[in-house]
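Notes to accompany the following structure.
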Amino acid sequence: MKLYYSPGTCSLSPHIILHESGLVFDLILAPTKTHKLEDGTDYYSINPLGYVPLLELDDGTRLTEGPAIVQYIADQVPAKNLAPANGTVARAQLQSWLNFISTEVHKGLSPLYNPATPADYKPMIIDKVMSRLKWVDSQLAGKSYLMGDAFSVADPYLFAVTNSAPRVGVDITGLANITAFRERMKARPAVQAAMRHEGLLK
């Protein structure tokens, strides 16, 4: 398998899960600014949408969208318990978390990265994202991870998205449960391995 990634983006999520899975994989740097791979290939020829992550399977099949990619990886190694079994209520709850992070938090932050976003509009964006993050913080009360005591593929996604929040003016330091969650995540060897490779580990 090959994971196309770019440091500092949500591709950190499947990068972490690949380390958690123990599966053999290659990493292909796909810079989000130049869209040129190290060998000169135009990344748009691989993913016409131009963004990461993208997982290429050994048979050449390509998967996009982080929430789908991490569930696929988890299903290849069921003994690792990275995701509940398909068809269970717990799996639906996991998908609910992945969808919420994707649409309410990750997508909510995206206008803040756009230099064309009017300055007077940004406080409204930040307020809305913070309202979502405060709800996540409340849901983490008394829990180690989003699904309870057990780590799942939803956790690296929340970790990756909250990594980027301070860079666009979203201050999460007052969210105690998210802060504690992030510290637990940073202590995981798979998280450290992925962040070290991406130059994100301080």
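The figures here come from the full heavy-atom set of this structure, side chains too, leaving out hydrogens, waters and symmetry mates.
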**Report entry** Between OG on residue S11 and CD1 on residue I69, distance to nearest 0.5 Å
**Finding:** 9.0 Å
Report task. Answer yes or no: does atom NZ of K134 have more than 12 heavy-atom neighbours from other residues, nucleotides or ligands under 6.0 Å? Result -> no
Query - Distance, nearest 0.5 Å, that separates NZ of K36 from CG of D39 - result: 10.0 Å
Query - Pairwise side-chain contact, S13 with P53, heavy-atom cut-off 4.5 Å (strictly under) - result: no
Query raised in the report: Can you check whether Y157 and W97 have ring centres sitting under 6.0 Å from each other?
Result: no
**Report entry** Worked check of side-chain contact (heavy atoms from CB on, under 4.5 Å) between N163 and M195
**Finding:** CA-CA 11 Å; N163 261 353; M195 292 185 72; 4.2 Å; yes
**Report entry** Non-hydrogen side-chain atoms of L29 and Y5 separated by less than 4.5 Å
**Finding:** yes
Query raised in the report: Can you hop from Y113 to I126 via hydrophobic side chains spaced under 4.5 Å?
Result: yes
Report task. Kindly give the heavy-atom pair with the smallest separation between A154 and L94, and that separation in Å. Result -> CB-CD1, 3.6 Å
Query raised in the report: Given side chains that start at C-beta, do those of I172 and V170 come closer than 4.5 Å, heavy atoms only?
Result: yes
Report task. Looking only at non-hydrogen atoms, find the nearest pair between A190 and I16 and report the distance. Result -> CB-O, 3.8 Å
**Report entry** Minimum heavy-atom distance T117-Y121, with the two atoms named
**Finding:** CG2-CD2, 3.7 Å
Report task. Determine whether V191 and L146 fall in the same hydrophobic cluster, where Ile, Leu, Val, Met, Phe, Trp and Tyr are linked whenever their side-chain heavy atoms lie under 4.5 Å apart. Result -> yes
**Report entry** Euclidean distance, L112 CG relative to S110 OG, rounded to 0.5 Å
**Finding:** 8.0 Å
Query raised in the report: Taking a hydrophobic cluster as the set of Ile, Leu, Val, Met, Phe, Trp and Tyr residues connected by side-chain heavy atoms closer than 4.5 Å, whether directly or through intermediates, do I101 and V168 fall within one such cluster?
Result: yes
Requested in this report: Quick one: pull up CG in L158 and CZ in R182 and give me the separation to the nearest 0.5 Å.
Outcome: 8.5 Å
Report task. State, yes or no, whether a side-chain contact exists between H15 and L27 at a heavy-atom distance under 4.5 Å. Result -> yes
Query raised in the report: Does R132 reach the main-chain N or O of D127 with its side chain, forming a donor-acceptor pair under 3.5 Å?
Result: no
Report summary line: Looking only at heavy atoms, the pair that brings A90 and M147 closest together is O-CE, 3.3 Å
Report summary line: Applied to residues 49-76, the side chain to side chain donor-acceptor pair (under 3.5 Å) test, sequence neighbours excluded, yields Y51-E65, E56-R62, D59-T61, Q71-R91, Q71-Q95, D75-N86, D75-R91
**Report entry** Verdict with supporting geometry, D155 and M185, side-chain contact (heavy atoms from CB on, under 4.5 Å)
**Finding:** CA-CA 8 Å; D155 297 306; M185 289 293 294; 3.8 Å; yes
Report task. Show your working on side-chain contact (heavy atoms from CB on, under 4.5 Å) between I28 and L37 and close with a plain yes or no. Result -> CA-CA 8 Å; I28 309 295; L37 306 187; 4.1 Å; yes
Query raised in the report: Would you say V52 and L57 are hydrophobically clustered, going by side-chain heavy atoms of ILVMFWY under 4.5 Å?
Result: no
Query raised in the report: If you group Ile, Leu, Val, Met, Phe, Trp and Tyr by side-chain heavy-atom gaps below 4.5 Å, do V129 and W135 land in one group?
Result: yes
Query raised in the report: Any side-chain heavy atom of V105 within less than 4.5 Å of one from T162?
Result: no
Query raised in the report: From E198 CD over to S6 OG, what is the distance, rounded to the nearest 0.5 angstrom?
Result: 8.0 Å
Query raised in the report: Aromatic rings Y43 and H35: how do their planes relate, parallel, tilted or perpendicular, breaks at 30° and 60°?
Result: parallel
Report task. Find out whether S164 and L109 are in side-chain contact, i.e. whether some heavy atom of one side chain is under 4.5 Å from a heavy atom of the other. Result -> yes
Report task. Tell me, with the steps shown, if L18 and I73 meet side-chain contact (heavy atoms from CB on, under 4.5 Å). Result -> CA-CA 7 Å; L18 281 166; I73 296 167; 3.7 Å; yes
Requested in this report: Please round to the nearest 0.5 Å and tell me the distance separating atom CG of L63 and atom CE of M1.
Outcome: 9.5 Å
Requested in this report: For residues H197 and P7, determine if any side-chain heavy atom of one lies less than 4.5 Å from a side-chain heavy atom of the other.
Outcome: no
Query raised in the report: Quick one: does M130's side chain get under 4.5 Å of L175's, heavy atoms only?
Result: yes
Query raised in the report: Can you pull the side chain to side chain donor-acceptor pair (under 3.5 Å) pairs that have at least one residue in residues 136-150, sequence neighbours excluded?
Result: Y145-R188
Report task. Measure across P111 and K107 and return the closest heavy-atom pair with its distance rounded to 0.1 Å. Result -> CD-O, 3.5 Å
Requested in this report: Locate the shortest heavy-atom distance separating A74 from V153; write the atom from each residue and the value.
Outcome: CB-CG1, 3.9 Å
